[in-house]
> 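Below you will find the structure I want to go over with you.
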Amino acid sequence: MEKLKKEKVLVTSALPYANGRIHLGHLSGAYLPADIYVRYKRLKGDDVIYICGSDEHGVPITITADKEKVSPKIIIDRYHELNKKAFEKFGMSFDIYSRTSIPIHHKTAQEFFKCFYDNGLLVEKKSMQFYDPKAKMFLPDRYVEGTCPKCGNEEARSDECEKCGSLYEPSELKNPKSKISGETPILKETSHWYLPLGKFQQRLEKYVDEMNKNYGWKENVLQYCRGWFKDGLKDRAVTRDLDWGIKVPLENAEGKVIYVWFEAVLGYISATKELSEKRNEPDLWKNYWQNPETKYVAFIGKDNIVFHTIIFPAMLMAWNDYNDDKYILPQNVPANEFLNFESKKFSKSRGWGVDVLEFLDMFPPDPLRYTLAANLPENKDTDFYWKEFQSRNNGELADILGNFINRTFTFAFKHFDGKVPPVYELQDIDKEMIELVKNYPEKIGKLIERYKIKDAVFEMMNLARAANKYFNDSEPWITVKKDKNRCATTINICLNTIYTLAEIFEPVIPFTSQKIFNMLDAEKVRWYESGQFHLETGKVLKKPEILFTKIEDKIIDEQLSMLDSGETASEDELITIDDFKKVKLMVAKVTEAEKVPKSDKLLKLKLHTGNDERQVVAGIAKSYSPEELIGKNILIVGNLKPAKLFGIESQGMILALDTDEKERVKIIEIDPSISPGRLAK
RNA sequence: GGCGAGGUAGCUCAGUAGGUUAGAGCAGUGGAAUCAUAAUCCACGUGUCGGGGGUUCGAAUCCCUCCCUCGCUACCA
């Protein structure tokens, strides 16, 4: 075993947004892999700190607060505490779980802002922003929806179209609507500061390239970066008009806060500062963040890639340009994909999924940690299935790992007074086992170093499999009668293997691992030494306990049936008759029809609805030709808000039925004797 | 329709500097054993590596094309 240099490692996990409870998907993405990595690093003897905390600013929190008619502080306090507790119960080993509402963070974020401002980096731009007179607030991009002036995308944001990627002035956006009140917002002048990311593009590309060359970034992360670089990095506003957040530290900046994307990533630094204070080591944070020796690894989910590979590094570069105390940049950003739940996306609003606290009320954390770790979305989205959870718990943790430990311990107690028996003459089978065990820590360590956690977990269980085989092949239940020394040797080797198992499994199932150490009355050792045999002959063992209880089919079936009922309830949500009365279903006669140029599915129709004429655009071109529609009596929704499709105004919606054939619909035809304009009731 | 990801044994998946008989876990079948949480161990797969075409001495692995699935997004009004 080569002596490895002690590394200085800084690990962060994405700051969860304090606007809801974390669910299993969150754990799989950014938290469990990081925790496994960190626990391994600690066992290895590296100097590591692990930082996380709640992200507590931004508009969604204010909206939740408004909905509940409480202050945003109530919301963030609630979710900060809940999530903190969930992480604790799950066994997350953060050195600190901080939050972005604390003064240290406000100060840090303001320092960065001020530094960029004072050095003339930030560009001030006056612009017309949407203002919702009813909600009395400026509307952030994502709360304004309208039609993109360039490509006609109807769900474009106020200054940017995600469809075609074009940027424009809010005044160019067509048909703006406030997503908060539904009102048409007015344009009001305001001014904001922008971070010119374009200035950093070349350096960022070089940075990503070099880090990848030296440390092997994940393919999905690189793809994402390439996409952003290809489009060219744009100026990004770093302030917002809002009263919830970190105040812009300038004169005449009333009502302005630092945009949450700018400050949230700095929360990692602030949290480390808070840790410094708590430990009463004022320079601790600098020893990591401003130490070129530090290896900084940022664990995140795929939705967060751009912030950690482009924006945050750009901010740190900018700081480093103007200051003598220079920050290090992420050395690796091992972003995971997403975890789905029983084949579908987690969805809070649809009640799909299980949140962490809910889960841990029913089951202990280790089986969950193991199941999630064995199935991490490292390369692609994966699923959490209740059945898989059961089979991993019963078939692997209980049957393979737990049972091996149990059968070994019962042997030690039945035949060797609960003490570690001595080793006598070694046969080939023993030597092979000893050699095998010796190599496992390094094998697994190498996988974890390369962020191949899933493979590492598989190897951990493989050692337990091999241990069972060794036990079987050695047949101690026979040797105990014929050759006690042989039996003693076998049990000694098995007990030492259990020691190694306790250590290598610690990052994944720390609670159980601790129980095993207790049973062995032993302590953790250095990771790379854990494959060697440490148990002294004659050492007194503690009585074994069952480490994993089996999960009955009944319990899993209950969960599955709860899912079923939960989902149908939300899908078939009942409406009142008043809800229905809002919809004006009306008979109309088609007078003209033509294809919309350049469109596959759209027809432009002129409809006669009794007293007036109206134009409707309908997506039925694949099912009907314009000619066959003319003269038909059909049913439409008459009081739908007009919308523009392909630049053509549509003043209603034609009702049609799905058919078995894909993309084919059947319009609802009304008896020709009914005159246009009649309403359905 | 656009973008992205994927289609490999019944299920979940691994498998890129292209090279002998394509792998693992689970499930299934048969067997061994009985110390142990009825837990373990061994043996067993003629899989069109989505279809077709191409490059190559040789492709699951590279190129083209088509089909299908999922996600996001859309002309779902």
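Just so you know, these numbers use all the heavy atoms, side chains as well, and skip hydrogens, waters and symmetry mates. In what follows, every chain begins at residue 1, and chains take the letters A, B, ... in the order their sequences are listed.
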> Quick one: A/L397 CG to B/A36 C1', roughly how many Å, whole number?
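After rounding, the reported distance stands at 17 Å.
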
> If you assign A/W477 and A/F458 each to the RNA chain B nucleotide with the nearest heavy atom, which residue ends up on the more 5' nucleotide?
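The residue closer to the strand's 5' end, by nearest nucleotide, is A/F458.
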
> Take atom P in B/U55 and the same atom in B/C72, then report the distance between them in whole Å.
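It works out to 40 Å between them.
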
> With rounding to the closest Å, how many angstrom separate the C1' atoms on B/G7 and B/C66?
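14 Å, rounded to whole Å.
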
> Return the nucleotide paired to B/G25: Watson-Crick means purine N1 to pyrimidine N3 with N6-O4 or O6-N4, wobble means G-U with N1-O2 and O6-N3, both under 3.5 Å.
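Pairing partner, where one exists within any strand: B/C11.
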
> For a quick check under 3.5 Å, do A/N214 and A/E210 share a side-chain donor-acceptor pair by atom type?
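Short answer, no.
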
> Taking atom P in both B/U40 and B/U16, compute the distance separating them and give it to the nearest angstrom.
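My reading of the P atoms in B/U40 and B/U16 gives 31 Å.
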
> Determine the contact category for A/T410: base if any of its heavy atoms lies under 4.0 Å from a base atom, sugar-phosphate if only primed atoms, P, OP1 or OP2 are that close, otherwise nothing.
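Result for A/T410 = sugar-phosphate.
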
> With the side chain of A/N468 defined as its heavy atoms from C-beta on, choose the nearest nucleotide among B/C35, B/U40, B/U37.
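Comparing B/C35, B/U40, B/U37 against the side chain of A/N468, the answer is B/U40.
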
> Under a 3.5 Å cut-off for both contacts, is B/U37 paired Watson-Crick or G-U wobble with anything, and if yes, with which nucleotide?
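In the structure as shown, B/U37 has no Watson-Crick or wobble partner.
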
> Categorize A/F471 for me: base, sugar-phosphate, or nothing, with a 4.0 angstrom heavy-atom threshold over every strand shown.
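Base, at least one base heavy atom under 4.0 Å.
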
> What's the closest nucleotide to the A/F548 side chain, out of B/U37, B/U40, B/G25?
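Looking only at heavy atoms from C-beta outward on A/F548, the closest nucleotide is B/U37.
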
> Could you identify the nucleotide paired to B/C72, looking across every strand shown and requiring Watson-Crick or G-U wobble geometry with both distances under 3.5 Å?
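WC or wobble partner is B/G2.
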
> Without swapping roles, check the side chain of A/N496 against the backbone of A/L535 for a donor-acceptor pair under 3.5 Å.
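Yes, because the side chain of A/N496 sits within donor-acceptor range (under 3.5 Å) of the backbone of A/L535.
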
> Could you tell me the separation between the CG atom of A/D473 and the P atom of B/U34, rounded to a whole number of Å?
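These atoms are roughly 14 Å apart.
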
> So does A/R407 get a side-chain nitrogen or oxygen closer than 4.0 Å to the phosphate oxygens (OP1/OP2) of B/A38?
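It does not, given that no N or O in the side chain of A/R407 lies less than 4.0 Å from OP1 or OP2 of B/A38.
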
> Have a look at A/L547 and say if it touches a base, only the backbone sugar-phosphate, or nothing, with a 4.0 Å heavy-atom cut-off.
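Counting heavy atoms under 4.0 Å across all strands, the contact made by A/L547 includes a base.
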
> At less than 4.0 Å, is any side-chain N or O atom of A/K387 found next to OP1 or OP2 of B/C26? Yes or no.
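No.
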
> Hey, is the side chain of A/N403 pairing donor to acceptor with the base of B/A36 inside 3.5 Å?
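Counting by modelled atom types and ignoring angles, a donor-acceptor contact under 3.5 Å is found here.
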
> Which whole number of Å gives the distance between the P atom of B/G51 and that of B/C44?
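After rounding to an integer number of Å, I get 28 Å for this pair.
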
> The side chain of A/K550 is closest to which nucleotide in this list: B/C35, B/A24, B/A39?
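So the nucleotide nearest the side chain must be B/A39.
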
> In whole angstrom, what separates A/F411's CZ from B/A39's C1'?
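Distance check: A/F411 CZ to B/A39 C1' gives 15 Å.
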
> Suppose you measure atom C1' in B/C75 against the same atom in B/U48; what distance do you get, rounded to whole Å?
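Pairwise C1' distance, B/C75 against B/U48, rounds to 39 Å.
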
> Quick check for you: to the nearest 0.5 Å, what is the distance between A/M433 atom CE and A/C494 atom SG?
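It is 6.5 Å, given to the nearest 0.5 Å.
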
> Can you tell me how far P in B/U29 sits from the matching atom in B/C62, rounded to whole Å?
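Roughly 39 Å separates the two P atoms.
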
> Expressed as a whole number of Å, how far does the C1' atom of B/U8 sit from that of B/G25?
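Straight-line distance between the two C1' atoms is 15 Å.
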
> Determine yes or no for a side-chain-to-main-chain donor-acceptor pair under 3.5 angstrom, with A/N393 supplying the side chain and A/T549 the backbone.
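Such a contact is found between A/N393 side chain and A/T549 backbone.
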
> Could you give the CD-to-P distance, from A/Q390 to B/U12, as a whole number of Å?
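From A/Q390 CD to B/U12 P: 17 Å.
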
> Calculate the interatomic distance between A/E378 atom CD and B/G15 atom C1'; express it in whole Å.
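A/E378 atom CD is separated from B/G15 atom C1' by 15 Å.
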
> Taking for each residue the nucleotide of RNA chain B bearing the nearest heavy atom, is the 5' side occupied by A/D399 or by A/R392?
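Whichever sits nearer the 5' end wins; that is A/R392.
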
> For A/Y499 together with A/F517, are the ring centres under 6.0 Å from each other?
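Between A/Y499 and A/F517, which both carry aromatic rings, the centre distance is below 6.0 Å.
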
> Using the P atom as the point on both nucleotides, what is the distance between B/G47 and B/G10, in whole Å?
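Comparing P positions in B/G10 and B/G47 gives a spacing of 10 Å.
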
> Only pairs with both distances under 3.5 Å count, Watson-Crick or wobble alike; so what is the partner of B/C49 in this structure?
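With both distances under 3.5 Å required, B/C49 matches none.
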
> Just compare B/A36, B/A39, B/C42 and give me whichever is closest to any side-chain atom of A/K469.
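Looking only at heavy atoms from C-beta outward on A/K469, the closest nucleotide is B/C42.
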
> For A/R465 and A/N462, which I'm curious about, is there any donor-acceptor pair between the side chains at under 3.5 Å?
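Side chains of A/R465 and A/N462: pair found under 3.5 Å.
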
> Ring centroids only, cut at 6.0 angstrom: are A/F411 and A/F416 within range, meaning strictly under it?
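Centroid distance A/F411-A/F416: not below 6.0 Å, so no.
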
> Mind calculating the distance between CD (A/E342) and P (B/C70) to the nearest angstrom?
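Whole-Å distance recorded here is 17 Å.
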
> According to the Watson-Crick and G-U wobble definitions, with both distances under 3.5 Å, which nucleotide is paired to B/U20?
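Here B/U20 is not engaged in any pair, so there is no nucleotide opposite it.
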
> Tell me if a side-chain donor or acceptor on A/N468 pairs with a main-chain N or O of A/I400 at a distance below 3.5 Å.
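A pair under 3.5 Å: yes.
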
> Would you say the base of B/U40 and the side-chain of A/N472 have a donor-acceptor pair closer than 3.5 Å?
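Such a pair exists between side chain and base.
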
> Expressed as a whole number of angstroms, how long is the span from A/L495:CG to B/A36:P?
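Roughly 16 Å, once rounded to whole Å.
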
> Atom CG of A/L339 and atom C1' of B/G71: how far apart are they, to the nearest Å?
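Roughly 14 Å, once rounded to whole Å.
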
